[in-house]
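Notes for the one structure printed next.
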Amino acid sequence: MAEAPAAPPVAASSKSPAAKPEAVVFVLGGPGAGKGTQCANIVRDFGFAHLSAGDLLRAHMKSGSKDGNMVAEMIKQGQIVPSEVTVNLLLDAMRASGKGKFLIDGFPRNKENRDAWEVTAGYDCDFVLFFDCPEDVMTTRLLGRNEGRTDDNIETIKKRFKTFQDSSMPVVEHYENKGKVRSVAAVAAPEEVYADVKTHFAAFETTH
Ligand code: UP5
Ligand code: MG
């Protein structure tokens, strides 16, 4: 008798909810807190796929898609792109990766993002990895990055900080109230920060 096919790890269509993948971690923290830097370490040691919502949006804006100009302008203004665009990019990238463990970097950034994720994906994260970093440290890092990002200038950085405080911190607080936040001080050198990050993933692996 033929075996029933295994359920896909993520939505077969980005419009329909699917079974929850093995692990979904939202990685949050202010602009320049070190989310992308630390995600690379987690990928290397714990076998996660890293999906940066910002990277996906930047690729989308360069792809000539019809809403590309809107996305480009919103990033330059430090504003949060409408959830439908971001959630669909993330779910498509998850499906394309063929992996079952995901770091969702820089998302959800506001309540609308979080609600749209729960409705469209159909499941919540396992936990939130939060990088705690003061604005002066983040400013120095962003101004020294030199990767040609349209938002790494002091005017946009100030707007990004305001958006983060007004819209994104309430998301972190929501998850704090659910006991899902694993917070890491992000000021030290990358390898020291990672030592803390690693303890959270090692603990997750033993209990999950
Ligand atoms: N660096 C890193 N760690 C360091 C350490 N411990 N010590 C010293 N230096 C350190 O790091 C930034 C810089 O600091 C690098 O040069 C690094 O070497 C150094 P990085 O790891 O890149 O930090 P990260 O937190 O990833 O910073 P990033 O600028 O990517 O964060 P943002 O949250 O601002 O950017 P993101 O790409 O996620 O989003 C950009 C924009 O896209 C948003 O402002 C918004 O307009 C839009 N967006 C949405 O609308 N919706 C989304 O869901 C996501 C994004
Ligand atoms: Mg980043």
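Indexing begins at 1, ligand by ligand and atom by atom, following the structure's order. Residues take their numbers from the sequence shown, with the count starting at 1. Since this is a predicted model, take the numbers as computed values, not measurements.
- Under the 3.5 Å distance criterion, the side-chain polar atoms of Arg182 are left unmatched by any main-chain donor or acceptor of Val128.
- Asp124 pairs with exactly one of Lys20, Arg114, Lys178 by the salt bridge (Lys or Arg N to Asp or Glu O under 4.0 Å) rule, that one being Lys178.
- At under 3.5 Å, not a single nitrogen or oxygen of Ala53, backbone or side chain, sits near a nitrogen or oxygen of ligand 1.
- Relative orientation of the Phe201 and Phe204 rings is perpendicular, given thresholds of 30° and 60° on the angle between their planes.
- Contact annotation for Leu142 and ligand 1: only side-chain heavy atoms (C-beta onward) come within less than 4.0 Å of the ligand.
- Considering only non-hydrogen protein atoms, atom 46 (O) of ligand 1 sits nearest to Gln79 O, 2.6 Å.
- Contact between Ala188 and ligand 1 is present, with at least one heavy atom of the residue lying under 4.0 Å from the ligand.
- Backbone and side-chain nitrogen or oxygen atoms of Val193 are examined, and none is located within less than 3.5 angstrom of a nitrogen or oxygen of ligand 1.
- Using a 4.0 Å heavy-atom cutoff, Gly30 is listed among the residues neighbouring ligand 1.
- Within the listing of ligand 1, atoms 52 (C), 53 (O), 54 (C) sit less than 4.0 angstrom from a heavy atom of Gly106.
- Polar contact check, Val187 against ligand 1: no nitrogen or oxygen pair lies under 3.5 Å apart.
- In summary, the atoms of ligand 1 found under 4.0 Å from a heavy atom of Ala189, numbered by their order in the structure, are 6 (N).
- Nearest to atom 50 (O) of ligand 1 among the protein's heavy atoms is Val81 N, 2.7 Å.
- With a heavy-atom cut-off of 4.0 Å, Pro108 does not touch ligand 1 at all.
- In this structure, the protein non-hydrogen atom closest to atom 39 (O) of ligand 1 is Arg109 NH2, 3.6 Å.
- Closest to atom 2 (C) of ligand 1, if we only count protein heavy atoms, is Thr37 OG1, 3.3 Å.
- Residues Asn113 and Ser83 bring a donor and an acceptor atom of their side chains to less than 3.5 Å of each other.
- Between the Lys180 side chain and the Cys125 main chain, a donor and an acceptor come within less than 3.5 Å of each other.
- Residue Gly36 has at least one nitrogen or oxygen atom sitting less than 3.5 Å from a nitrogen or oxygen atom of ligand 1, judged on distance alone.
- Applying the 6.0 Å contact sphere to NZ of Lys198 captures no more than 12 heavy atoms from other residues, nucleotides or ligands.
- Side-chain N or O atoms of Ser168 include none that pairs as donor or acceptor with a backbone N or O of Asn110 at under 3.5 Å.
- A 6.0 Å sphere centred on NZ of Lys62 holds no more than 12 heavy atoms belonging to other residues, nucleotides or ligands.
- Taking every non-hydrogen atom of Pro31 and a distance limit under 4.0 Å, the qualifying atoms of ligand 1 come out as 31 (O), 32 (P), 34 (O).
- Shown are Glu22, Lys101, Lys99; of these, the side chain to side chain contact (heavy atoms under 4.5 Å, CB included) with Phe48 is made only by Lys101.
- Between the choices Arg160, Arg149, Met138, Lys76, the shortest heavy-atom distance to atom 36 (P) of ligand 1 belongs to Arg149.
- When all heavy atoms of Pro82 and Met70 are compared, the closest pair comes out as CD-SD, 3.8 Å.
- Looking only at protein heavy atoms, the nearest one to atom 31 (O) of ligand 1 is Lys35 NZ, 3.0 Å.
- A donor-acceptor pair under 3.5 Å is formed between the side chain of Ser65 and the backbone N or O of His60.
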Discussion item. Assess the residue pair Leu90 and Trp117 against the criterion (side chain to side chain contact (heavy atoms under 4.5 Å, CB included)); give the C-alpha distance rounded to whole Å, side-chain angles, the decisive distance to 0.1 Å, and a yes or no.
Written reply: CA-CA 10 Å; Leu90 283 167; Trp117 174 269; 4.2 Å; yes
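- Polar contact check, Arg58 against ligand 1: a nitrogen or oxygen pair lies under 3.5 Å apart.
- Among protein heavy atoms, the minimum distance from atom 42 (O) of ligand 1 is reached at Ile75 CG1, 3.6 Å.
- Note that the NE2 atom of His50 and the CG atom of Asp55 stand 6.5 Å from one another [nearest 0.5 Å].
- The 12-atom threshold is not exceeded at CG of Asn69, counting heavy atoms of other residues, nucleotides or ligands nearer than 6.0 Å.
- Contacts with ligand 1 closer than 4.0 Å are made by no heavy atom of Asp105, backbone or side chain.
- Looking from atom 8 (C) of ligand 1 to the surrounding protein, the closest heavy atom is Arg141 NE, 3.6 Å.
- Every N/O-N/O distance between Asp151 and ligand 1 stays at or above 3.5 Å.
- Remark: minimum distance from atom 48 (N) of ligand 1 to any protein heavy atom is reached at Leu57 CD1, 3.4 Å.
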